[in-house]
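The next block holds one structure in the form of structure tokens; read it before the comments.
The sequence lines fix the lettering, A, B, ..., with proteins before strands; numbering per chain opens at 1. Every value quoted in this text rests on a predicted model; they were computed, and no experiment measured them.
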Amino acid sequence: MGLALLVVIWLITFISTYFFIAKTWWLPAGVSAAAAGIDRQFAFTYVVMGVVFVLAQCSLGYFVWKYRDRGKAAKAEYSHGNTNLEVVWTVLTAILFVGLNLMGSRIWAAERFEPAGDGALKVEVTGMQFAWYFRYTGPDGKFGLTSPKLMDPSSGSEAAIGLDTSDPAAKDDVVTGTMFLPVNRQVDLTLRAVDVIHSFFVPNFRFKQDAVPGLAIHMHFTPNEIGDYEIACAELCGLGHYKMHGMVKVVSQEDFDKWLTAREAEKQ
Amino acid sequence: MADGTGGGETIMATSEIAHAHAAPQGFIRKYVFSLDHKIIGIQYFFLALTAVWVGMILSLLMRIHLIWPDANLPLIGHIQPETYLSLLTMHGTIMVFFVLTTAPQGGFGNYFLPIQIGAPDMAFPVLNMLSFWTTFVAFVVMIAAFFVTGGAPLHGWTGYPPLSAIQSTGPGEGLGADLWITSIAIFCAASLMGALNFITTTLDLRAKGMSLMRMPLTVWSWFITAILGLLAFGVLLSAGILLLMDRNLGTSFYIPLVVVNGQVMGHRGGSPLLWQHLFWFFGHPEVYIAILPGMGVASQLLSTFSRKPIFGYRAMVYAMLAIGFLGFMVWGHHMFMSGMSPWSAFAFSILTMCIGVPSAIKTFNWLGTLWRGNVRLYTPMLFAIGFVSLFVSGGLSGPFLAQPTLDIPLHDTYFVVGHFHLIMGVAAIFGIFAATYYWVPKMFGRMMNETLGKLHFWFTFIGTYAIFMPMHYLGMAGHPRRYSQLTEVAYLHPLIPLQRFISIAAFITIGAQVIFVLNLFWSIFRGPKASDNPWEATTLEWSTSTPPPHDNFGGHTPVVHNGPYEYGVPGADRDFVMQADPAISPHPAH
Amino acid sequence: MATLSPNLAVRPPRTRDTGGDPPSYGGGGNGNQRGGNESSDYGGRLRRARLGLVVGLTAVVMLFMGFTSALLVRRGLPTFDQQTNTYSRDWIPIRLPWTLIVINTAVLLASSVTIELARRDISRQMALAPVRSIPGVSLGDESRFPWLGSTVVLGLGFLVGQFLVFRVLQQQHAFLNRNPSNSFAYLLLGTHALHLAGGVIALIYAAATTWLNRPVEARRIVIDVTAWYWHFMAFLWMYIFVILLIAR
């Protein structure tokens, strides 16, 4: 029985570890400026935790077999513990855990403590049951006003976010259902939600942020590879949560300018 | 004759707990409205057993829908995406409240706390009886949510507003959601009553010689769990009251100006984050409430079945106290992505890493207990060892989530689902199984079948790993939580085979639980009779008869001379010295 | 406040047949421990009841802590107004009928006095019980002031007063859902009133123990615990008063 337990525990440990190492299912390709740092921190954490995992599980399996009951002859060692050992492993664990955390905090600070730089592309993302809309400022560089009374989700785009066209700044705002971004340019994102909490999650950008009604949350990121990347809503928002997805198309700066100009022209 | 159970008993004034007179007569007094903590403990246990089967069937339906979304099931028909969300909500709620907060504490804690400290009953037996029946009412109200118009709510066990606060955000958010909140509020009251009893009993009713540092670790775990409950459930109740007011009285605690289905709602100025703060202030201690009793049982069993004292008793106590204390300071780690201030996130994250330290100490000490022991692999011990393995697996995904940087890709994905299921949905459940196999002989006077027990263990140990370990891979690949199906988002399609594997593993593992139920009921009625101390254990419940008499010790309150884990004492004539045995001399330092 | 010495063998006036010798329990005849015969366990029961009350009140404190933190957060919270693209606050302090509230406060504090006198009265009766049970000794049955009854009356008076406060607010159109300040005021006043009503029921029961001819120790425990609960209700009221005064 002890041997069976050892074998099973060791097998489970090695099989799960194998799939982690082989990256059979893994983080998708990281295509934003922040991705490299996040992935590095992730890799470091999982190596450290992986080593602890293997050591702990294998010791457990080994002890259960090695110290199996050998009848009346064998007697357990009468010991209430070892205070020195306790102190040592407590301190080591604390250093390890807190150290790991402090390492990752620099990336967090860079992502979240500072606002977007000047010259970043302003995009507003609005989540609602069950679609994402994206707003660009248009030539005046300002987002116009929206009004809850003017919101009509069934009409799509401008009406869905309740664009108040009586406001001059709103007249040139471009609203789309697909997010176009120029590569290698920082995006100054404003996240809003109309009804319930949603979450704007683009796995490839290593970007996630809840969109909360009543708040206009500012975030930034910089996509650094051209391609199409899927958005998945990552906060339960109702029956259509599973199909509230969208698309981010990262294109070259020229293609982006062409696209935006065409959209702005439609607004004249 | 003292008017014990007659009309004179009040909640606050204790009845004579001497129980020097006869036990109550009559079926109703003896089994329904019993004041005997042992019967009440059994009542809680069977309530939890019912709840866990409801919860498991809900998860079975969820797993079926995930891999066969268009399936037409007998009796149920086609499961809609919103129905999936209701199943998910009720699964989580029922499991967390009516299983994990009920069986370990209300069930085994109620039964064994008084006996393990040498008391004849809980401090307030009438309150104890009321706390069980209030829990029962809460359960009935929760189940009722399935049967009202609109059905059960779909907002997840976490119930974030505005989704949970406005009736028109989805089916099930009508009366079903109100019943859900009401049930939880009733449960809060029941839990607080129980916590009151546990704390007072532990502080005031210990037998002579049972100092705090001689209490079994199970008692410590129930005591600390009760303190956590006392401080946490009041806040949950406050949050629930505010939510009920927002839903029904037009207040705006949680709801800002929102437009639902094109209609401007009449609320403004509220904060969805307020709910999250209040809920998680309760919610984080709640998960420690779910796991601490299991840790106590694991310590108890690892020591008993290794024939060795627990390694580092004091450290184990301090670790549990640290976990309890720190548990109130880390709630923000559920909210890194919520829009909360990133500086708060940093602070919460450091504290969260700190709470990993006492958990690690406990794991080292469990390993230290096994080391150079004489390990007897009976079924209770198998589940205790399984607990340690699963606690390590579930615990080690914690440091990923505790770092906000890594939480960015992992929050609200299956990585989190895998993490908390391994810890709560498996390790804590293993604690309950271990306790069951260990204590059924004492509770019912009969041994459970070892072969069936071992079979149950193997299926469940391997099965739960097969279900929940792969969820980490899904999470890393970006699979969000609470998706009814994987058909719409393109990058999820390659993950469908893994979801299928998980579902198959779940079908088998759920099926294997039938072995447990059969074993339990068969053994209770027909199992081989158990002796007073079949495991050769040291704590006080094993020094009384099997099952214990009405006043627990047959008129002989024990006097305690020894610590709780005196196994393998050199020079003793057997390999264990019971707590009520004459003192070991010289008494070894801890 | 005098506690009965647990080693004093007290024979309660109401005859309780405890048989001949008390059951012998291991651990010595230390009557302070649980497991002794009921009368010498009285000190333990009182201590346990008080401990239970303290623990229970901790839960009530946490409930109001939850409400308080919600109030403080909500009060300072700006939300994004899409129509102006700015953050704004919508908290407008409620206008409360302070005269009425101060009168209610006075009534509640008076009731604290009366119940404290009731509590001391029953303690005195407990202390005198062994004297009373000596055959032939008569202390005279002085008519005692119905302190418990007075507390019930004052407690009900407070509840009526709170109801009047709600009535005034309704007449002013300061409805519950008009403004968050209103919501919290109603919430705090209402929850406190509910807890106090529970206290009134406990008081009525405590008063009833006299007529039900319960033994004096049991009555003492009930009245003692109810009295401390009542004092806590007064303390909680003062807290709510201050919160409403400075943070409404």
Worksheet item: Looking at Thr200(B) and Gly52(C), what are the two nearest heavy atoms and their distance?
Response: OG1-CA, 3.5 Å
Practice prompt. Measure the CG-CG distance between Leu77(C) and Leu273(B) for me, rounded to the nearest 0.5 Å.
Written response: 8.5 Å
Worksheet item: Taking all non-hydrogen atoms of both residues, which atom of Thr251(B) and which atom of Ser183(C) are closest, and how far apart?
Response: CG2-OG, 3.4 Å
Worksheet item: Counting only heavy atoms not in Gln263(B), do more than 12 fall under 6.0 Å of its CD?
Response: no
Discussion item. On a heavy-atom basis, which atom in Ala59(C) and which in Leu192(B) lie closest, and how many Å separate them?
Written reply: CB-CD2, 3.6 Å
Worksheet item: Do Val235(B) and Leu63(C) come close enough that some side-chain heavy atom pair is under 4.5 Å?
Response: no
Worksheet item: With a 4.0 Å cut-off, would you call Arg268(B) and Asp90(C) a salt bridge?
Response: no
Worksheet item: Do you know which of Ala226(B), Pro256(B), Ser271(B) has the most heavy-atom pairs with chain C at a distance under 4.5 angstrom?
Response: Ser271(B)
Item to complete: Please report the closest heavy-atom contact between Ser238(B) and Gly66(C), naming both atoms and the distance.
Response: OG-CA, 3.5 Å
Discussion item. Less than 4.5 Å to any heavy atom of chain C: does that hold for the side chain of Leu230(B), its backbone, both, or neither?
Written reply: both
Discussion item. Looking at chain B, which one of Thr58(C), Val73(C), Val55(C), Val60(C) has the largest number of heavy-atom pairs inside 4.5 Å, strictly under?
Written reply: Val55(C)
Discussion item. Any non-hydrogen side-chain atom of Arg48(C) less than 4.5 Å from a side-chain atom of Leu205(B)?
Written reply: yes
Worksheet entry | From CA spacing to verdict: side chain to side chain contact (heavy atoms under 4.5 Å, CB included), Phe281(B), Met62(C) | CA-CA 11 Å; Phe281(B) 183 85; Met62(C) 293 312 290; 4.0 Å; yes
Item to complete: Answer whether the closest heavy-atom distance between the side chains of Ser252(B) and Arg74(C) falls below 4.5 Å.
Response: yes
Discussion item. Can you confirm whether Tyr87(C) is buried at OH, in the sense that more than 12 heavy atoms of other residues, nucleotides or ligands lie under 6.0 Å from that atom?
Written reply: yes
Worksheet item: What is the distance from atom CE of Met65(C) to atom CG of Leu278(B), rounded to the nearest 0.5 Å?
Response: 12.5 Å
Worksheet item: Quick one: of Leu257(B), Ile227(B), Ile241(B), who has the most non-hydrogen atom pairs under 4.5 Å with chain C?
Response: Ile241(B)
Practice prompt. Sort Met245(B) into side chain, backbone, both or neither according to what part of it lies under 4.5 angstrom from a heavy atom of chain C.
Written response: side chain
Item to complete: For residues Gly270(B) and Thr79(C), report the shortest heavy-atom separation together with the two atoms involved.
Response: O-CG2, 3.6 Å
Item to complete: Name the member of Leu231(B), Leu237(B), Asp246(B) that forms the most heavy-atom pairs with chain C at distances under 4.5 Å.
Response: Leu231(B)
